[in-house]
Amino acid sequence: MAQPRRRGGHHKCPRPAVLPAAALLLLFLAAVALLYVSPPPVSDHPVLASSRRRSPHALQNSSGAGSTVESERREISRLPREADDLWGSKFSSKFYGCSNSSSKFLDSSVVTQPDRYLMIVTSGGLNQQRTGIVDAVVAARILNATLIVPKLDQTSFWKDASNFSEIFDVDWFISNLSKDVKIVKELPEIGGKPRTPHRMRVPRKCTQRCYLNRVLPALLKKHAVRLTKFDYRLANRLDTDLQKLRCRVNYHALRFTGLIEEMGEKLIQRMRGRSKYFIALHLRFEPDMLAFSGCYYGGGERERKELGAIRKRWKTLHVSNPDKGRRQGRCPLTPEEVGVMLRALGYRNDVHIYVASGEIYGGASTLAPLKALFPNLHTKETISSKEELAPFSKYSSRMAALDFIVCDGSDAFVTNNNGNMAKILAGRRRYFGHKRTIRPNAKRLYPLILNRRNMSWDAFSSKVRMFQKGFMGEPRELRPGRGEFHENPSTCICEKTDGKTAAKSNSQIERGSSNGAERGIAISEPAVPNYTDEEAGRSEAEEDASAGREETFDAEADDDALLRPEDPELEGILSD
């Protein structure tokens with residue numbers, strides 16, 4: 001008897017062939033997924049030793065007998081695709097840098113007084129000196145004096161003999177600021193003989209009135225004044241036009257020499273040739289930094305002896321409490337902890353990272369856990385030849401300048417400290433479009449990382465993202481006046497227009513006045529939450545009180561030799 005004909009004619013479903021093929025395809029896709037989203041490994045680095053002790057309530061895998069590592073591996077493998085906002089803020093396009101002067105800010109040819117010359121000697125490393133140069137221009141404007149091109153510190157911890165013109169484009173510096181301040185390269189002679197400037201010093205965060213009360217009388221009498229150890233010698237808060245002058249100096253007039261700029265751009269292009277986006281990471285995990293901070297990272301007696309020996313250089317350092325320092329967020333995170341934070345924020349392991357740092361304490365073994373999390377680690381030494389770096393390698397400031405350029409040009413900048421380089425780059429990146437800038441909230445992250453084995457990866461990463469709110473470089477992340485001006489140049493950041501009301505810079509909103517030359521319209525979207533930065537600086541009341549105390553300090557010591565020998569190095573170690 002004939003078999004009944006199947007529906008669909010003579011075409012039969014090839015089920016036996018499809019099932020094995022489908023299974024193979026699924027296995028292949030799973031393997032590819034694991035390659036792109038590999039979980040952070042369990043490291044043998046001593047700092048996380050305590051975090052590996054699982055509580056009795058820790059999650060186990062479905063079989064109940066699998067390892068902790070496998071359980072975490074499964075959790076992290078479910079990470080979503082990298083979010084677009086990791087590389088920038090959706091609010092950033094609504095803000096722009098605005099540093100033009102008002103009509104009340106007269107040309108330097110009108111206000112500069114004859115026979116008034118201001119000289120300054122900077123202090124510290126490259127970025128600390130940069131703050132001094134910026135403030136020197138403003139100080140000269142306050143005094144209506146001619147500024148002599150600043151002299152760089154050549155004797156501090158960094159021991160770099162470079163002068164101003166070997167690091168910065170001096171001709172551009174002079175011409176770009178010609179309408180603001182008259183600047184000359186050398187102090188003019190008098191009667192054919194060199195002048196001897198009067199040496200003095202001003203207190204930290206000296207106000208406009210402070211300069212007029214302290215320096216101007218000496219300038220009128222001596223005609224040439226030399227301000228020594230010039231770092232952070234100008235108040236954070238000044239008149240709007242003086243703040244904007246600060247921004248014009250820092251973000252437009254002060255640029256590196258052509259040789260440094262060219263090499264820095266090569267490094268950026270080489271990073272871009274490796275991936276669409278890249279992270280620049282300023283680790284600050286050098287032996288000197290760790291010794292100065294008094295932090296402890298689980299390296300036992302050997303670590304205590306090594307860092308203790310370095311600490312003996314600075315006799316003025318008080319005895320520290322390493323555990324307390326870590327709990328209070330005063331210590332840099334380890335490279336591994338930084339990597340874990342980045343993975344929790346959503347950065348995938350195929351991201352390319354440029355590491356800007358000096359000698360890493362512990363060397364390759366310390367970097368190994370970070371490299372396991374992010375295999376594509378690079379430095380200026382690994383993406384360039386010795387011949388290319390030869391003009392820079394013997395000069396710490398020029399090498400630091402290359403790192404500065406790459407960090408500034410990165411898609412995301414991660415700073416593991418709150419030193420001068422971190423502050424200047426944070427402010428610069430805010431000014432030029434609020435490029436993504438991440439500073440670990442170490443006070444909240446440290447205990448969380450220690451406890452991360454006692455929670456699921458989803459719970460851990462959720463808490464990391466929550467704790468990092470306010471530390472991601474978003475617009476309005478810091479209130480105006482909060483933190484150093486170099487870190488938060490609120491006076492120089494304005495909002496774009498939407499056709500309804502006039503936008504104001506943050507400081508103008510605070511003062512209730514606007515600059516007519518830079519009017520815009522307020523954005524209609526909800527403002528970014530005004531997070532308070534726990535570690536950005538003191539309150540305004542505290543700064544005012546401090547300024548009052550500084551006004552009574554006898555700062556007119558004429559000789560740098562009055563400082564104890566260890567003090568320049570003590571301050572210099574944290575200057576970049």
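Quick note: residue numbers are just sequence positions, from 1. Computed from a predicted structure; not experimentally measured.
- No side-chain donor-acceptor contact under 3.5 Å links N349 to the backbone of L373.
- Considering F413, Y96, F95 in turn, F95 is the only one that fulfils the ring pair (Phe, Tyr, Trp, His ring centres under 6.0 Å) rule with H434.
- Contact of the N441 side chain with the K469 side chain is not registered, since no non-hydrogen atoms from C-beta on lie closer than 4.5 Å.
- The backbone N or O of S293 lies less than 3.5 Å from no partner atom in the side chain of R330, so there is not a single donor-acceptor pair.
- Counting only heavy atoms from C-beta outward, the side chains of E487 and N418 approach each other to under 4.5 Å.
- With a 4.5 Å cut-off on side-chain heavy atoms, N416 and P440 count as touching.
- Here the closest non-hydrogen pair linking N376 and D350 is ND2-O, 3.3 Å.
- Closest of all the heavy-atom pairs between C407 and A280 is CA-CB, 3.6 Å.
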Using the side-chain contact (heavy atoms from CB on, under 4.5 Å) rule, take L126 and R130 through it: C-alpha gap first, then chi angles, then the decisive distance, then the call.
-> CA-CA 6 Å; L126 174 68; R130 189 183 184 105; 5.7 Å; no
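- Between K94 atom NZ and S89 atom OG the span is 11.0 Å, to the nearest 0.5 Å.
- A donor atom on one side chain and an acceptor atom on the other are not found under 3.5 Å apart for T415 and R439.
- Here D411 does not pair with R436 in a salt bridge; the nearest charged N to carboxylate O distance is not below 4.0 Å.
- Contacts classified as ring pair (Phe, Tyr, Trp, His ring centres under 6.0 Å) and involving residues 353-377 (residues at least two apart or in different chains) are not found.
- Between the side chains of T379 and E381, at least one donor N or O sits under 3.5 Å from an acceptor N or O.
- Aromatic ring orientation, F432 versus Y251: perpendicular (interplanar angle above 60°, classes split at 30° and 60°).
- For the pair N454/N451, a side-chain contact is recorded, criterion being any heavy-atom separation below 4.5 Å from C-beta on.
- Aromatic pair W87/F278: ring centres not closer than 6.0 Å.
- To the nearest 0.5 angstrom, I279 atom CD1 is 9.5 Å from M271 atom CE.
- Side-chain polar atoms of Y431 and S99 form a donor-acceptor pair below 3.5 angstrom.
- Side-chain contact check for H352 versus L377: every heavy-atom pair is 4.5 Å or farther apart.
- No option in T437, N250, D408 other than D408 meets the side chain to side chain donor-acceptor pair (under 3.5 Å) test with R428.
- Sorted by first then second residue, the disulfide bond (SG atoms under 2.5 Å apart) pairs that include residues 426-478, not counting sequence neighbours, number zero.
- The pair R204-D231 counts as a salt bridge, with a side-chain nitrogen and a carboxylate oxygen less than 4.0 angstrom apart.
- Of the inter-residue distances, the one linking Q328 atom CD with Y446 atom OH reads 12.5 Å to the nearest 0.5 angstrom.
- Annotation: ring pair (Phe, Tyr, Trp, His ring centres under 6.0 Å) contacts of H486 (sequence neighbours excluded): none.
- Proximity of K463 to F460: side-chain heavy atoms (C-beta onward) are nowhere separated by under 4.5 Å.
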Any chance you could lay out the side-chain contact (heavy atoms from CB on, under 4.5 Å) test for L333 and Y297, step after step, and finish with the verdict?
-> CA-CA 9 Å; L333 297 182; Y297 290 93; over 6 Å; no
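- Checking side-chain atoms of R274 against main-chain N and O of Q269 turns up no donor-acceptor pair under 3.5 Å.
- Relative to the ring axis of F467, R444 places its NZ or CZ within 45° and under 6.0 Å from the centre.
- To the nearest 0.5 Å, atom CD1 of residue I424 and atom CD of residue Q128 are 9.5 Å apart.
- The distance from the CG atom of L370 to the CG atom of L281 is 6.5 Å, given to the nearest 0.5 Å.
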Let me see the working for C331 and C295 under disulfide (SG to SG under 2.5 Å), right down to the final yes or no.
-> CA-CA 6 Å; C331 300; C295 301; 1.9 Å; yes
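- Looking at T382, its side chain never comes within 3.5 Å of a backbone N or O of H378 through a donor-acceptor pair.
- Looking at D85 and K90, no side-chain N of the basic residue comes within less than 4.0 Å of a carboxylate O on the acidic one, giving no salt bridge.
- A344 and S461 make their closest contact through O-CB, 3.4 Å (heavy atoms, listed as atom of the first residue, atom of the second, distance).
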List the steps and the verdict of side-chain contact (heavy atoms from CB on, under 4.5 Å) for E484 and K205.
-> CA-CA 10 Å; E484 299 287 350; K205 298 184 178 179; 4.0 Å; yes
Apply the test side-chain contact (heavy atoms from CB on, under 4.5 Å) to residues T131 and N127: give CA-CA distance (whole Å), side-chain angles for both, the deciding distance (0.1 Å), then the verdict.
-> CA-CA 6 Å; T131 64; N127 294 291; over 6 Å; no
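- Separating the CG atom in L389 from the OG atom in S384 is a distance of 3.5 Å, to the nearest 0.5 Å.
- The existence of a salt bridge linking R326 and E337 is confirmed by a sub-4.0 Å separation between a basic side-chain nitrogen and an acidic carboxylate oxygen.
- Using a 4.5 Å heavy-atom cutoff, the side chains of L367 and L283 are in contact.
- For N417 against A422, the heavy-atom pair with the smallest separation is O-CB, 3.5 Å.
- Proximity of a side-chain donor or acceptor of Q468 to a complementary backbone N or O of V464 within less than 3.5 Å is not detected.
- In the model, Q243 has a side-chain atom that pairs as donor or acceptor with a side-chain atom of R246 under 3.5 Å.
- A donor-acceptor pair under 3.5 Å is absent between the side-chain atoms of D153 and the main chain of S123, judged by distance alone.
- Contact check for S397 versus F392: no side-chain heavy atoms found under the 4.5 Å cut-off.
- Heavy atoms only, all atoms of each residue included: A291 and R311 are closest at O-NH1, 2.7 Å.
- F485 and S490 make their closest contact through CE1-N, 4.2 Å (heavy atoms, listed as atom of the first residue, atom of the second, distance).
- Panel note: side chain E388, backbone M263; no donor-acceptor pair is recorded below 3.5 Å.
- The backbone N or O of I383 lies less than 3.5 Å from a partner atom in the side chain of R270, making a donor-acceptor pair.
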